[in-house]
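Below: the structure, in structure tokens.
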Amino acid sequence: MPELPEVEVVRRGLERWVSGRTVEGVDVLHPRATRRHLAGAEDFARRLEGRRIGPARRRGKYLWLPLDGAAEAVLAHLGMSGQLLVQPVGAPDEKHLRIRLRFEDGEGTELRFVDQRTFGGLSLHGAAPGAADGLPDVIAHIAPDPLDPAFDAELFHAALRRRRTTVKRALLDQSLISGVGNIYADEALWRSRLHYDRPTATLTRPRTTELLGHIRDVMNDALAAGGTSFDSLYVNVNGESGYFSRSLDAYGREDEPCRRCGAPIRRRPWMNRSSYFCPRCQRPPVIRRAAGRSAPARPAPAASGPRRSG
DNA sequence: CGTGGCCCCTGATTGC
DNA sequence: TGCAATCAGGGGCCAC
């Protein structure tokens, strides 16, 4: 379950059902699922045996489980289709079961990493020096997420102004702000009435503040609904879907009326994915030519920016 | 260096 | 039916 609210739902499930338990053994059923553990699947499995799992942590879309304190942790990323499921021991293996963690206790459940597309995985890493909560060193470059008290809005705004990129690209750049993916980027931009191709350098401080507020709001709303699920690929540790998909305003709503103005929501190919937006509420940025000696032609009507009507 | 394009995978759906 | 093309919530890597 890819984006922050879905990953947070999983984190809470791990905290409830896995933290405090001791690993008895690990089965790696697909080597690609541990490819970020450079020492290999066997090393990953052996080093987990007998370790006690601490409180579940999260930054953006990354999860980690500290082991016997905070010096080392199991890092998890769900990619596009990863699931962490707490299943009864002996339940039939899922078709795309990649890794199984068995526990020493008699609770009768095990932790399973199931991942159809194998973009996700588990790995073992030391903590970054000086970082809080045993943050694994390999994700030290990931920015705090907007629900983290450590998130620095001033720093974020300064980075946006410095960048020569567009606002949606920036939202998906996990080194600037983490946890935002394609769904919540489109939702926050819709709420902010911002077009995805708006250059970040044009954002004023109030606009950045408003955008951040909408990101936090939509993520908290989604969290309260158990996350966004379009199908059974996106579930919590007990296999249950969230129901925020019914509350989406832009994502996946092509040709449906904008809930604000009634114009049909549009879908545009964008970075090998899609961007959903309201063509009336979210006007494309005006393309400005560099100042030259010849007067620039008037922009074509189709490419014109927002107009003030009065 | 920052930026943008390509690639990694499997499966569901759509169109010919 | 079969087959190809397209699309899907992720990020790493590598040219420019």
Side-chain angles (χ1 to χ4, degrees), chain A residues 1-10 29-38 58-63 75-84 94-99 113-123 125 136 138-143 145 158-189 196-197 199-201 215 218-219 222-223 225-236 241-254 267-276:
Chain A
M1 307 170 108
E3 304 184 45
L4 186 153
E6 294 76 35
V7 177
E8 174 61 16
V9 168
V10 171
L29 291 92
H30 195 306
R32 197 173 139 80
T34 55
R35 70 190 180 287
R36 297 190 66 183
H37 187 84
L38 300 181
R58 181 188 57 72
R59 171 175 281 200
K61 303 169 194 173
Y62 287 88
L63 287 165
L75 179 66
H77 196 282
L78 302 177
M80 291 284 271
S81 56
Q83 305 173 336
L84 283 164
E94 291 77 8
K95 182 176 181 186
H96 302 295
L97 177 62
R98 309 304 189 191
I99 300 172
F113 179 68
V114 176
D115 189 8
Q116 176 196 110
R117 295 175 68 184
T118 68
F119 289 166
L122 306 185
S123 49
H125 304 278
V138 294
I139 60 166
H141 66 289
I142 299 294
D145 61 64
L160 290 184
R161 297 290 305 207
R162 208 163 45 233
R163 287 275 174 132
R164 289 295 173 268
T165 189
T166 51
V167 63
K168 186 171 170 181
R169 294 188 104 98
L171 291 181
L172 298 188
D173 184 337
Q174 305 296 300
S175 67
L176 292 180
I177 181 172
S178 68
V180 183
N182 207 31
I183 294 178
Y184 297 106
D186 281 1
E187 292 301 302
L189 290 170
Y196 55 89
D197 266 344
T200 56
I215 292 169
V218 71
M219 285 182 165
L223 201 45
T228 300
S229 305
F230 296 127
D231 51 45
S232 58
L233 277 185
Y234 305 94
V235 294
N236 67 16
S241 293
Y243 51 89
F244 191 68
S245 58
R246 70 185 67 168
S247 303
L248 295 174
D249 291 311
Y251 189 87
R253 296 194 66 242
E254 184 178 20
R267 178 172 74 95
R268 289 289 142 76
W270 184 87
M271 279 181 72
N272 289 324
R273 296 186 189 158
S274 296
S275 273
Y276 296 87

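Reminder, nothing fancy here: chain letters follow the sequence lines and each chain counts from 1.
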Report, one pair per line, the protein and nucleotides 13-16 of chain C atoms (nitrogen or oxygen only) whose separation is under 3.5 Å.
none

Within residues 172-187 of chain A, those residues having any heavy atom closer than 4.0 Å to DNA chain C are A:Gln174, A:Gly181, A:Asn182, A:Ile183
One should report the stems of DNA chain C, each a stretch of at least three consecutive Watson-Crick or G-U pairs at distances under 3.5 Å, as B:2-8 with C:10-16, B:10-16 with C:2-8
The side chain to side chain contact (heavy atoms under 4.5 Å, CB included) partners of A:Tyr196 (sequence neighbours excluded) come to A:Lys168, A:Leu189, A:Arg268, A:Trp270, A:Ser275, A:Phe277
Taken in chain and number order and not counting sequence neighbours, the residues that satisfy ring pair (Phe, Tyr, Trp, His ring centres under 6.0 Å) with A:Phe230 are A:Tyr251
| Within the structure shown, what part of the strands sits under 4.0 Å from A:Asp115 by heavy-atom distance: base, sugar-phosphate, or nothing? | nothing
With sequence neighbours left out, the residues meeting salt bridge (Lys or Arg N to Asp or Glu O under 4.0 Å) with A:Asp115 are none
By side-chain hydrogen bond (donor to acceptor under 3.5 Å, both in side chains), A:Ser123 pairs with (sequence neighbours left out) A:His125
Protein N or O to nucleotides 4-8 of chain B N or O, pairs below 3.5 Å:
| residue | atom | partner | partner atom | Å |
| --- | --- | --- | --- | --- |
| B:dG4 | OP2 | A:Thr165 | OG1 | 2.9 |
| B:dG4 | OP2 | A:Arg169 | NE | 3.3 |

Contacts of A:Arg163 meeting side-chain hydrogen bond (donor to acceptor under 3.5 Å, both in side chains) (sequence neighbours excluded), chain-then-number -> A:Asp173
N/O contacts under 3.5 Å, protein versus nucleotides 4-7 of chain C?
none

Residues at least two apart in sequence or cross-chain that pass side-chain hydrogen bond (donor to acceptor under 3.5 Å, both in side chains) with A:Tyr276, listed by chain then number, are none
Hits for side-chain hydrogen bond (donor to acceptor under 3.5 Å, both in side chains) against A:Arg59, two or more places apart or cross-chain, chain-then-number order -> none
Of the candidates B:dT10, C:dG9, C:dG10, the side chain of A:His77 sits closest to C:dG10
